[in-house]
Structure formats: C-alpha cells, structure tokens
Amino acid sequence: MALRLWASSAANALKISCSGASRAAPAYSISRYFSTVLDGLKYSSSHEWVKHDGSVATIGITDHAQGHLGEVVFVELPEAGAKVSQGGAFGNVESVKATSDVNSPISGEVVEVNDKLSETPGLINSSPYDDGWMIKVKPSSPSEMDALLDAAKYTKHCEEEDAH
C-alpha cells in the first residue's frame, strides 16, 4: 500500500497519469532509472541526442548522461564553422565527478554553438533537451541518422548498461 501511495504521489509530482486509457501517451518516456528520454529524437550509444529539423540538426547530451556526470561546471565547445565527424569528439563536459568527451552522433559543419553554456553550464543538468543543447550542425550525410537509436532502443540500451 505504501508503495502504491508513493507511486501515485510521484506520478502526480511528475504530472503523469497511470489512469484514463482514453488519454494520449506523453511525448516522452521515463525509464525505471527516472531518466527522461524524448520521443522524436535520435540517440547515440555514447549518450548524445540529435533533433533533425529541416537542414539543421541540434545536438546535446542526454538526461541519462547528465545524471551520471553530476553537476556540470564547465563546457568546452567548438566554434561555428568547425567540422564534426560521426563518433568523433567535438567538445567536453566537466562535472564535479569527471571530465567527459562529447561525441558527435552525425557528421557535418557546426553552424551555431550554445553560448549560454559558457556562463551557465548547469543548463545541461536542468534542461538537457531544451536550454542545454550544445551545437547545431548542418549534416553532411543525413543518412547517418538512420543508424542512431530511437527512444525505445535508447531506453533499453541505458537499462542494459546500468545493469552491469
């Protein structure tokens, strides 16, 4: 009973519903580890996300990644005009726990960098899919997106990785 009450309270706090079959499913899912994974994005196995919108793709690190890193205190990003390669590092994120490379899930040219992160790197923690985006890229090979994981496959990947 206490577990049911806690689950109901948690659902209310997160503004999700477990009842009402007529309601549409939310545009996100939450793994059993409480990391948010958004539908409609593509994910790399190294925990970066991509949102392809027209001729530009926005890239950042996932909620799962920022959760494992802890409080982000510094971000190093490339300048606009730099070339990135699929799987290659384009910057790094320093947290209170570690410094980690950030790899590009696709190849292309950086057309914009999130300058807010230099002053407020914690945006990666508080808003990894919105205000915490890192770079925008003009893809040189849009077909690379096909090899990335969808939300369900990425969630499974995270669960398997965390189980080890």
Side-chain angles (χ1 to χ4, degrees), residues 14-16 23-72 74-95 98-162:
L14 295 170
K15 301 198 183 329
I16 59 177
R23 293 183 184 173
Y28 60 88
S29 60
I30 300 176
S31 78
R32 66 183 188 173
Y33 301 102
F34 298 105
S35 292
T36 302
V37 177
L38 300 180
D39 289 328
L41 301 181
K42 292 289 197 161
Y43 300 88
S44 67
S45 59
S46 58
H47 306 289
E48 292 85 17
W49 59 266
V50 183
K51 179 181 179 184
H52 196 189
D53 189 19
S55 63
V56 176
T58 304
I59 299 172
I61 66 169
T62 65
D63 187 42
H64 183 83
Q66 72 78 25
H68 280 275
L69 283 169
E71 181 185 352
V72 176
F74 179 76
V75 179
E76 182 177 84
L77 298 173
E79 293 185 17
K83 303 286 187 200
V84 294
S85 299
Q86 185 178 42
F90 67 78
N92 63 57
V93 175
E94 184 178 324
S95 73
T99 298
S100 297
D101 285 339
V102 182
N103 300 319
S104 183
I106 58 172
S107 301
E109 179 182 345
V110 177
V111 294
E112 189 176 346
V113 175
N114 188 350
D115 292 327
K116 291 180 184 176
L117 296 179
S118 61
E119 291 182 23
T120 316
L123 289 172
I124 290 174
N125 298 113
S126 63
S127 184
Y129 300 113
D130 291 314
D131 296 332
W133 65 273
M134 301 178 95
I135 60 173
K136 293 188 180 189
V137 173
K138 181 178 179 183
S140 58
S141 182
S143 63
E144 291 176 338
M145 294 280 291
D146 298 338
L148 299 174
L149 307 172
D150 64 17
K153 288 179 182 170
Y154 179 69
T155 298
K156 183 177 179 182
H157 169 74
C158 292
E159 290 173 349
E160 290 171 352
E161 190 176 76
D162 285 350

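For clarity, every value in this text was computed on a predicted model and none was experimentally measured.
Partners of Y43 by ring pair (Phe, Tyr, Trp, His ring centres under 6.0 Å), not counting sequence neighbours, listed by chain and number: Y154. Not a single side chain to side chain donor-acceptor pair (under 3.5 Å) links E71 to another residue, sequence neighbours left out. Residues satisfying the side-chain contact (heavy atoms from CB on, under 4.5 Å) criterion with S127, sequence neighbours excluded, are D130, D131. With sequence neighbours excluded, no residue forms a side-chain contact (heavy atoms from CB on, under 4.5 Å) with A80. Applying the side chain to side chain donor-acceptor pair (under 3.5 Å) rule to S46 yields the partners S44, E48; only residues at least two apart in sequence or on another chain are considered. Under the salt bridge (charged side-chain N to carboxylate O under 4.0 Å, His left out) criterion, E109 pairs with K83, not counting sequence neighbours. N114 pairs by the side chain to side chain donor-acceptor pair (under 3.5 Å) definition with nothing, not counting sequence neighbours. Partners of N92 under the side chain to side chain donor-acceptor pair (under 3.5 Å) rule, at least two apart in sequence or in another chain, are E76.
In this structure, the separation between CD1 on I124 and CG on L69 is 8.5 Å, given to the nearest 0.5 Å. Annotation: the span from H68 atom NE2 to D63 atom CG amounts to 10.0 Å, rounded to 0.5 Å. Taking CG from D150 and NZ from K156, the interatomic distance works out to 11.5 Å, rounded to the nearest 0.5 Å.
Across every non-hydrogen atom of V84 and S104, the tightest pair is CG2-OG, 3.6 Å. The two residues D39 and A151 come nearest to each other via the heavy atoms OD1-CB, 3.2 Å. In plain terms, the two heavy atoms of V113 and E79 that are nearest each other are CG2-C, 4.1 Å. Smallest separation of non-hydrogen atoms from S45 and H157: O-NE2, 3.0 Å.
The salt bridge (charged side-chain N to carboxylate O under 4.0 Å, His left out) analysis of residues 132-148, with sequence neighbours excluded, yields no pairs. Within the structure, side chain to side chain donor-acceptor pair (under 3.5 Å) pairs that include any residue of residues 115-125 comprise Q66-N125 (at least two apart or interchain). A ring pair (Phe, Tyr, Trp, His ring centres under 6.0 Å) check over residues 106-149, counting only residues at least two apart or in different chains, returns the pairs W49-Y129.
Under 3.5 Å, the side chains of H47 and E161 contain a donor-acceptor pair of N or O atoms.
For the pair M134 and L117, the minimum side-chain heavy-atom distance is below 4.5 Å.
A donor-acceptor contact shorter than 3.5 Å links the side chain of S95 to the backbone of A98.
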Could you list the donor-acceptor pairs under 3.5 angstrom formed between side-chain atoms of residues 50-60 and any protein atom two or more places apart in sequence or on another chain?
| from | atom 1 | to | atom 2 | distance (Å) |
| --- | --- | --- | --- | --- |
| H52 | NE2 | G54 | O | 3.1 |

